[in-house]
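For the numbers below, each heavy atom of this structure counts, side chains included, while hydrogens, waters and symmetry mates do not. A note on names: the letters A, B, ... follow the listed sequences, proteins ahead of strands, and every chain is numbered from 1.
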Amino acid sequence: MKPALPKGTRDFGPLETARRRYIFETIRNQFELFGYQALETPAMENLTTLTGKYGDEGDRLIFKILNSGDFLQEVREKNASLDAPSAILPMISEKALRYDLTVPFARFVVMNREKLAFPFKRYQMQPVWRADRPQKGRYREFWQCDADVVGSASLLNEAELIQIYDRVFHQLGLPVNILVNNRKILSGMAEVAGVPERLTELTVALDKLDKIGWEKVVEEMQQKGIPENALKTIEPITRLSGSNTGKLQQLEQLLQGSTIGLAGIRELRELLSFFGPEGKLELLNAKIDLDLSLARGLNYYTGTILEVKARNIAFGSIGGGGRYDDLTGIFGLQGVPGVGISFGADRIYDILLDQNLFPASQTTGTRILIASLEISERNDGLVLLQQLRNAGIAAEIFPEPTKLRKQFEYAEKKGIPYLALYGPDEVKSGVVNLKKLSSGKQVNVPLEAIHEIESYFEEES
RNA sequence: GUGGUUAUAGCUCAGUUGGUUAGAGCGCUAGUUUGUGGCACUAGAGGCCGUGGGUUCGAGCCCCAUUAGCCACCCCA
């Protein structure tokens with residue numbers, strides 16, 4: 001049998017894991033700085049918890065888990081027809097792998113509503129699974145890093161989430177633009193265009209504007225039966241240019257006839273004002289860019305919509321989020337507004353690698369390898385080894401004494417910066433011979449001073 | 001779900017109109033060098049040419065099927 005991975009899944013080797021951890025920890029630090037608390041939920045949920053939450057398309061992509069034991073028993077008992085897979089499914093599967101982190105979060109909030117302090121701010125960084133066909137930047141198992149706050153309608157939450165984006169990407173060294181829009185403005189557009197009931201089709205098509213251009217968007221809208229004069233109303237809105245405040249001013253004129261549209265404009269103005277001249281919040285690097293074609297597919301968004309893109313690099317979105325007024329309503333808890341964001345960790349990884357933005361120097365992993373040529377020498381080295389570890393310095397000893405060449409190559413390949421020799425001569429004089437591999441520089445360090453080992457090389461760097 | 005494309009050594013890839021024993025670079029193992037790696041030189045290991053059928057005197061190469069990977073669409077992160 002040839003070993004292989006399931007389609008759309010990946011192994012992460014030591015280097016990849018270290019780099020992924022760097023991304024995750026950067027995100028986690030900011031989440032926690034802003035008062036978000038960690039939550040973890042099971043890999044599997046009841047199938048009924050998940051179905052119907054992601055649309056027909058989404059339901060198809062949920063990984064179902066086959067019941068244990070005689071999973072066909074119920075099918076036989078009810079003599080069910082195999083021609084109706086959707087009717088058979090609940091008989092053979094009652095659990096499924098989580099599809100995202102938002103629905104499990106909503107379930108958690110509803111189940112624990114009495115215990116939680118609202119506004120409840122949680123973050124969650126866990127893998128999710130989708131039975132999608134894999135392609136570039138798309139996997140069947142991938143990690144989401146979500147932060148959501150529920151129980152508060154204040155736009156300050158949005159502003160803080162924008163700050164989190166800004167600070168994370170600033171730390172990662174990746175300049176980004178944060179695209180903002182508001183679902184109410186899209187509703188307003190549909191309203192003044194005379195097609196309020198076609199909001200979904202309108203937004204799905206409009207969202208592709210920067211990717212496929214206006215003509216293709218028109219084509220798609222026409223295909224979906226959106227009338228020509230509606231398109232004529234919408235086009236000038238998408239063509240608005242200038243500063244964010246300038247765009248909003250022009251938009252205000254165009255959306256005069258729509259109460260909901262004007263509400264959206266008010267919300268955006270309030271959000272932007274946090275970062276404006278009168279505002280109190282700062283951005284380190286990110287630019288906020290009002291993008292009136294930004295829609296995002298998720299239908300549960302009701303207010304602010306956010307999306308993050310790397311500046312000057314064509315690479316799709318690396319994060320997104322938005323406000324939803326009634327996420328927990330599907331589980332019977334009404335009137336809990338919320339807003340959340342998500343980091344696309346796998347895409348951030350790809351882009352940092354592409355832009356060469358991962359820190360070069362390795363700060364984790366073994367610092368010192370103790371080499372030895374003979375068993376007696378190796379055993380002497382065990383004393384040194386334990387002293388190093390007791391001092392909190394990651395150290396290892398080559399288990400079988402062998403040629404130094406081999407031990408050097410091991411250290412080199414593993415990225416261990418120092419190699420220690422502790423042979424008969426060193427034992428006699430109570431020192432450790434220490435070599436820095438990158439420079440070739442070598443010094444004798446008194447055994448008692450072993451915990452300060454790195455300071456002997458500090459002046460170089 | 002729809003369409004395109006690829007499959008030869010651990011990796012990246014050559015392989016002529018079908019012709020005898022399928023190659024290179026990198027990597028790997030060992031040696032030159034028994035307390036000092038990276039360089040160099042030398043030698044070696046490693047392939048059912050994705051799988052199954054067909055055409056042919058003869059197939060890595062042509063035909064059919066199948067599986068898997070990659071890419072695009074749909075959708076999404």
Side-chain angles (χ1 to χ4, degrees), chain A residues 1-10 13 23 27 54-62 98-102 125-146 200 203-205 207-208 211-212 216 220 223-224 295-299 306-309 315-322 340-351 369-374 377-378 381 398 401-427 432-444:
Chain A
M1 183 197 93
K2 251 191 243 171
L5 283 170
K7 190 198 290 275
T9 66
R10 300 153 293 164
I23 295 172
I27 296 171
Y54 309 106
D56 291 344
E57 185 83 14
D59 282 358
R60 214 165 43 82
L61 299 180
I62 294 171
R98 68 168 164 255
Y99 178 90
D100 69 359
L101 301 178
T102 309
M125 306 199 291
Q126 288 188 282
V128 302
W129 294 269
R130 294 183 189 178
D132 211 346
R133 188 173 290 199
Q135 53 180 277
K136 194 186 187 73
R138 178 193 277 182
Y139 308 96
R140 290 185 141 189
E141 178 186 68
F142 62 97
W143 288 65
Q144 289 192 330
C145 308
D146 283 19
T200 305
T203 52
V204 167
D207 199 39
K208 298 174 188 165
K211 206 172 162 189
I212 62 176
K216 297 261 179 183
E220 182 170 334
Q223 230 164 39
K224 301 231 164 111
R296 297 184 63 78
L298 298 170
N299 271 319
L306 299 169
E307 188 160 299
V308 184
K309 289 195 166 166
F315 203 90
S317 79
I318 50 179
I341 59 168
S342 181
F343 286 84
D346 297 275
R347 285 185 182 170
I348 293 170
Y349 178 94
D350 289 346
I351 207 166
L369 176 73
I370 303 168
S372 59
L373 293 152
E374 291 173 43
E377 191 180 337
R378 186 205 63 185
F398 209 79
T402 179
K403 292 183 188 43
L404 283 181
R405 176 198 178 97
K406 235 186 145 148
Q407 303 181 61
F408 267 110
E409 282 172 356
Y410 174 78
E412 186 80 22
K413 193 171 280 187
K414 203 167 167 179
I416 301 172
Y418 302 100
L419 188 128
L421 284 171
Y422 190 59
D425 292 349
E426 284 83 4
V427 172
V432 178
N433 187 274
L434 193 67
K435 178 164 181 168
K436 184 170 190 175
L437 270 70
S438 58
S439 62
K441 193 180 168 192
Q442 215 159 340
V443 293
N444 278 326

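- One can place NZ of A:K436 at 17 Å from C1' of B:rU36, the figure rounded to the nearest angstrom.
- B:rG25: Watson-Crick or G-U partner is B:rC11, with both key distances under 3.5 Å.
- Of the candidate nucleotides B:rG35, B:rC75, B:rC76, B:rG35 has the atom nearest to the side chain of A:N433.
- Remark: the A:R133 side chain and the B:rU2 base include a donor-acceptor N/O pair separated by less than 3.5 Å.
- Side-chain atoms of A:Q135 lie closest to B:rC74 of the nucleotides B:rU32, B:rA77, B:rC74.
- The distance from atom NZ of A:K136 to atom P of B:rA72 is 7 Å, rounded to the nearest whole Å.
- Look at B:rA30: its Watson-Crick or wobble partner, with both distances under 3.5 angstrom, is B:rU42.
- The listed nucleotides are B:rC76, B:rC75, B:rU36; the one nearest the side chain of A:R130 is B:rC76.
- The aromatic rings of A:Y410 and A:F398 lie perpendicular to each other, with more than 60° between the two planes, well past the 30° mark.
- Pair assignment for B:rA72: B:rU2, on the basis of Watson-Crick or G-U wobble contacts that are both within less than 3.5 Å.
- The aromatic ring of A:F408 does not sit over the base of B:rG38; the criterion of centres under 5.5 Å apart with planes under 30° is not met.
- Judged by atom type and distance alone, A:Q407 does not reach the base of B:rU36 through any side-chain donor-acceptor pair under 3.5 Å.
- Taking atom C1' in both B:rC71 and B:rC39, the straight-line distance is 41 Å, to the nearest Å.
- Listed nucleotides: B:rU32, B:rG35, B:rA77. Nearest to the side chain of A:E426: B:rG35.
- Across all strands shown, B:rC61 remains unpaired; no Watson-Crick or G-U wobble contact has both distances below 3.5 Å.
- Scanning atom types as modelled, one donor and one acceptor separated by under 3.5 angstrom connect the side chain of A:K435 and the base of B:rU36.
- If you measure from atom CG of A:D132 to atom P of B:rA72, you get 13 Å, rounded to the nearest angstrom.
- Across all strands shown, B:rU56 forms no Watson-Crick or G-U wobble pair with both distances under 3.5 Å.
- Here the C1' atom of nucleotide B:rU34 and the NZ atom of A:K406 are 15 Å apart, to the nearest Å.
- When the shell of 6.0 Å around CD of A:E374 is examined, it contains 12 or fewer heavy atoms from other residues, nucleotides or ligands.
- Look at CD on A:E377: it is 16 Å from P on B:rU34, rounded to the nearest Å.
- B:rC39 atom P lies 13 Å from atom CG of A:L437, rounded to whole Å.
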